[in-house]
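Data first, discussion second: the structure below is written as C-alpha cells.
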Amino acid sequence: MDWQALALSLQLASATALVLLPLAIWLARWLAWSSARGRSALEALILLPLVLPPTVLGYYLLLGFGGESMLGQLYHALSGRTLVFSFDGLLAASLIFNLPFAVQPMQRAFAAIPREIREAAWVSGLSRWQTFLRIELPLAWPGVAAALALCFAHTLGEFGVVLMVGGSLPGETKTIAIAIYDQAQAFNDSAAASMSAFLLGLSFVAVLLVSRLGRRRAGRWD
Amino acid sequence: MGLSAHIEQSAPIPLAADIVCKGGELLALVGPSGSGKSTLLRCLAGLHRPTSGHVVCGEETWFDPRRGIDLPPQQRRVGFVFQHYALFPHLTALANVMLASADVPANERARRARHWLARANLEGFDHRRPDELSGGQQQRVALARALAREPRVLLLDEPFSAVDRVTRRKLLNQLIDLRRSLAIPIVLVTHDLEEATLLADRMTVLHRGRTLQTATPEEMLARPASALVARLTDQPNLFVGKVVYQSRATDTTVIDWLGHSLNATYHADFTPGEAVCWVIPEAGVVLVREHQLERENTLYALVSERLAWRGHATVTARVGKQREAALTFAIGASVAMRRSIVPGAVVALQLQKAAIRLLPADAAAGAPATVDRVDSCYPRSLPGEPTAPRARRSSE
C-alpha cells in the first residue's frame, strides 16, 4: 500500500468536496429554479465532463493551466507556483471534472422542493437566507450528502485527468489511482491488488450511501 | 384597516382586477380555473409582481411601481394558506407554526404557536409532522401558521379543495367561528360557489383576469351585472328572450320567451324587438296550485329531474316541448313527496316578476349580438344536443 499516495488522494478528495459544496449548491439551486436564458447551455457545459474522455478533458486542462496560458501565468504571478504538475492544478482539475457529480444530485434535490414550500417560508417572514438554512437545506440534504459522497469516491478513482494534468510526482500529484497503475506496470501485483481492493470497497460504500440517501429523499415526497 | 388593490399585467396571465376588502370582511374571489384568482392572491402577497397597479393595506403601500415601492413578501405581513397547505414537511406542527413568528422572543414563540394550534383545535398534535396528520389537520396547521404571523391580511387560496366533503364542512364551520374574532381583511379564492356564499360578506367574480362584479352573495344571485356573471355564478335559470313591450307607467317590460309573455320589472335600456338575456334565481320560481293559475307569469312545466339532499329537493322542469328551456327551482323534499313532484309530473310554476332580471344579450361576449355569441347565455344543452341551432330558433 502506497500510504503517501493514499493520503494525497484523501486530501484531494476532501478538498474537492469542501470547495465544491458551496459552489455546487449555488449552481444547483439556480439550475433547479431559474428560467433564465442560458440555463440549458450552462447545464450542458457542467455535464460535459461526464461524456468527454478523461484524456481529452485532461488535455484541454493541460493547455488551459499550462505556463503559456493566461490562467497559468496569472496563477504563477499570484502564487509563484505552477498549475500543471502541482497539487493546486490537480485540485482545480478535480473541481471541474467533479462538477456534474456534485451538481446533478443536488439539482434534483432542490428541484423536488415545491415552490409553495419556499413561498410559505417567505410569507412566514423568513428571509431568503433563513429559508435556505431552515427549509431548503434540511429538505435537500440527502441530495447534497449523496453528491459529496459521489465526488469523494470519484476523485479517489480518477486516473486520466490526474495523469494528464498532474503526472506522477510522489507527494505532489501521485494519487492512489496512479500508484495502482505504477505498481501494475512494475508487476507488483500484491500492492496493486491491495490498493485496488481498498478503492473497490470505498467506491461500494459511497454508491451504497448515495443509493440509500436517494431512497430517503424519494420517500420524503411520496 | 382595509385592503385595496388594482392589479394589471398582460402576461403570462392577463390581469385587470380591482379588489377592495374592509377590515373584518371576507371577500371571496370566484371564477373558473385559469381566471387569474390565484395569481391575484399571489400579487397581494408579493409572490408575483404584476406590471402595474397598486396594493395598499391600511396606511401602508405594499406595491406601487410608479413610486418604486414593491415590498417583498417578508415585509407585507400576510397570512397565506396555500391550496396544498405547503407545510414544512421536516418540521412538527408546533415548529411549523413557530416559524411564522420568528420576530418574537423564543419563549413567547412557543406559547403563541400553542395558542394558535389550540384555536385550530389541534391540542395534542404539537409534535406530529405533516405526514402524520390528516388532510383536515394539515389545513388547520396551515391556518394556525398563517395566523401566528399576526397578519394584516389573511389570504386563503382554495383552502378546502384538497379535503373530503365531510371534513370541508367541519373546516368551514371552524373558519366561520374563527373569522368572527378577526378584524383583518380576509380574501378567499375559491371555485366553489356554495363555499363562497356560506363564508363571504362580498364576492368578486373574475373572468380571464378581469373583475366583472363585486357584490354580496345574495345580490350577485339576484342581480348579476351581466349574463356572463350569471353563467359564472352557475345560475341555472339563464335564458334568451325578446322584448315585446315597454311600459314605464306599469313598471313593466314584457318579454317573449318561447311563445310565453313574461312580465319583468321595467328596464328602460331595452327597446321592443331587442333580444335580451334574462335570469331568475331559483328562489324566484314558485310552485303554484291549480287555483292560482291566473297569477302573473305562470306556466306549465314537465318535471324532468328531482335531486333530493338533506330535506331539500332541486327540481328541473321543462317548459312546454322545449327541452332546453328547463327551469330549476328548490322546494322542501317533503313538499316534493307530498305533491308527487317526480320526473314526468306536470307542475304549474310562477316566475316572480320582481325576480326576473333582464341583461343585455351580448354582454356575455362583450360583442354585438350574433347567434354564436349569444350562445353563451343560453341554458346548458342536454347531453349530445348543441345549443346554437336552438339559439337561432329562439332569437328569430
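As the structure is a computational prediction, the values presented were derived from the model and not from experiment. Naming convention: chains lettered A, B, ... in sequence-line order (proteins, then strands); numbering from 1 in each chain. What you see below is based on every heavy atom in this structure, not just the backbone, and it leaves out hydrogens, waters and symmetry mates.
- For a residue to count as touching a neighbouring chain, one of its non-hydrogen atoms must lie under 4.5 Å from one of that chain's; by this rule A:Arg115 touches chain B with the side chain only.
- Closest of all the heavy-atom pairs between A:Ile117 and B:Pro89 is CD1-CD, 3.7 Å.
- Within a 6.0 Å radius of CZ in A:Phe159, more than 12 heavy atoms belonging to other residues, nucleotides or ligands are found.
- Residue-environment remark: CZ (A:Arg39) exceeds the threshold of 12 foreign heavy atoms within 6.0 Å.
- Residue with the most contacts toward chain A among B:Pro73, B:Ala148, B:Ala102: B:Pro73 (heavy-atom pairs, distance under 4.5 Å).
- Listed here is the closest heavy atom pair of A:Leu126 and B:Leu99: CD1-O, 3.4 Å.
- Residue-environment remark: NE2 (B:His54) exceeds the threshold of 12 foreign heavy atoms within 6.0 Å.
- The choice from B:Val78, B:Leu91, B:Leu47 that makes the most heavy-atom pairs within less than 4.5 Å of chain A is B:Leu47.
- Surrounding OH of A:Tyr60 are at most 12 heavy atoms belonging to other residues, nucleotides or ligands under 6.0 Å away.
- For A:Phe132, the CZ atom is densely surrounded, since the number of other residues' heavy atoms within 6.0 Å is greater than 12.
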Exercise for the section: Decide yes or no on side-chain contact (heavy atoms from CB on, under 4.5 Å) for A:Val123 and B:Arg149, but give the supporting numbers first. Expected result: CA-CA 9 Å; A:Val123 294; B:Arg149 175 95 174 110; 5.9 Å; no

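- Neither the backbone nor the side chain of B:Arg76 comes within contact range of chain A; no heavy atom of the residue lies under 4.5 Å from a heavy atom of that chain.
- Annotation: maximal heavy-atom pairing with chain A below 4.5 Å, among B:Pro151, B:Ser101, B:Ala100, B:Ala146, occurs at B:Ala100.
- With contacts defined as side-chain heavy-atom distances shorter than 4.5 Å, the pair A:Ser124/B:Arg145 qualifies.
- Pairing each heavy atom of A:Pro138 with each of B:His90, the nearest pair is CB-CD2, 3.5 Å.
- Minimum interatomic distance between B:Gln74 and A:Arg128 (heavy atoms only, all atoms of both residues): NE2-N, 4.0 Å.
- Here the shortest heavy-atom pairing between A:Ala120 and B:Ala86 reads CB-O, 3.6 Å.
- Heavy atoms only, all atoms of each residue included: A:Glu116 and B:Gln83 are closest at OE2-N, 4.2 Å.
- Heavy atoms closer than 4.5 Å to chain A are found nowhere in B:Arg77, neither backbone nor side chain.
- Proximity to chain A (any heavy atom under 4.5 Å) is shown, for B:Leu155, by neither the backbone nor the side chain.
- For the atom pair CD1 (A:Ile113) and CZ (B:Phe88), the distance works out to 11.5 Å, reported to the nearest 0.5 Å.
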